[in-house]
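As structure tokens, the structure follows; a few thoughts come after it.
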Amino acid sequence: MPRPEPYEAVVFCDFFEAGMRFPCEDFVGEVMQRFNLQIHQLTPNAFARLGVFAMALKMSRCALSVNTFTHYYETHLQKKV
């Protein structure tokens with residue numbers, strides 16, 4: 001189980017294949033804070049979704065908004081089987 005310090009992050013290679021780049025948009029950190037998530041808890045698909053959402057808003061000349069993101073997306077608890 002990863003236990004990064006407050007100034008560290010665990011990053012998997014698959015994140016970069018999904019489109020994650022550093023430095024991340026502040027928007028990504030704001031979304032993770034809103035949902036009380038750490039970077040290592042996200043899947044590569046989550047980074048792809050965040051990237052597509054951010055790109056769509058930028059192409060529409062809209063400000064990146066966590067409130068808009070939370071309007072369209074929500075987290076679901078996945079119970080272990």
Side-chain angles (χ1 to χ4, degrees):
M1 180 102 164
R3 297 192 194 289
E5 297 294 326
Y7 55 88
E8 296 177 329
V10 175
V11 181
F12 301 100
C13 293
D14 293 336
F15 290 174
F16 295 102
E17 291 178 18
M20 179 182 162
R21 299 289 180 265
F22 285 112
C24 291
E25 296 274 353
D26 292 339
F27 169 74
V28 174
E30 293 168 7
V31 168
M32 290 191 316
Q33 188 174 23
R34 173 71 62 93
F35 289 106
N36 195 25
L37 295 169
Q38 296 292 319
I39 198 167
H40 66 272
Q41 294 173 309
L42 298 177
T43 65
N45 285 342
F47 279 107
R49 288 276 184 192
L50 284 168
V52 168
F53 186 83
M55 182 182 66
L57 286 182
K58 286 181 177 181
M59 289 174 60
S60 301
R61 298 179 190 255
C62 297
L64 293 175
S65 168
V66 176
N67 290 331
T68 304
F69 182 81
T70 57
H71 178 78
Y72 290 102
Y73 296 95
E74 61 185 53
T75 58
H76 297 276
L77 178 62
Q78 301 295 321
K79 296 181 181 181
K80 293 183 179 180
V81 180

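Nothing fancy with the numbering, it's 1 onward along the sequence. What you see is a predicted model, and the numbers here were worked out from it, not measured in a lab.
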Would you mind reporting whether Phe69 and Phe35 have side-chain heavy atoms less than 4.5 Å apart?
-> yes

From Glu30 CD over to Thr70 OG1, what is the distance, rounded to the nearest 0.5 angstrom?
-> 11.5 Å

Sorted by chain and number, sequence neighbours left out, side chain to side chain contact (heavy atoms under 4.5 Å, CB included) with Gln38 holds for His40, Gln41

N/O donor-acceptor pairs under 3.5 Å from side chains in residues 51-60, not counting sequence neighbours:
from  : atom 1 : to    : atom 2 : distance (Å)
Lys58 : NZ     : Glu25 : OE2    : 2.2
Ser60 : OG     : Ala56 : O      : 2.9

Does Asp26 CG have over 12 foreign heavy atoms under 6.0 Å away?
-> no

Looking at CZ of Arg49 and CG of Asn45, how far apart are the two atoms once the value is rounded to the nearest 0.5 Å?
-> 7.5 Å

Can you establish whether the number of heavy atoms outside Glu8 located under 6.0 Å from its atom CD is more than 12?
-> yes

Quick one: CG on Leu42 to CZ on Phe12, what's the gap to the nearest 0.5 Å?
-> 10.5 Å

Contact summary for Phe27 and Leu64, nearest pair of heavy atoms | CB-CD1, 3.8 Å

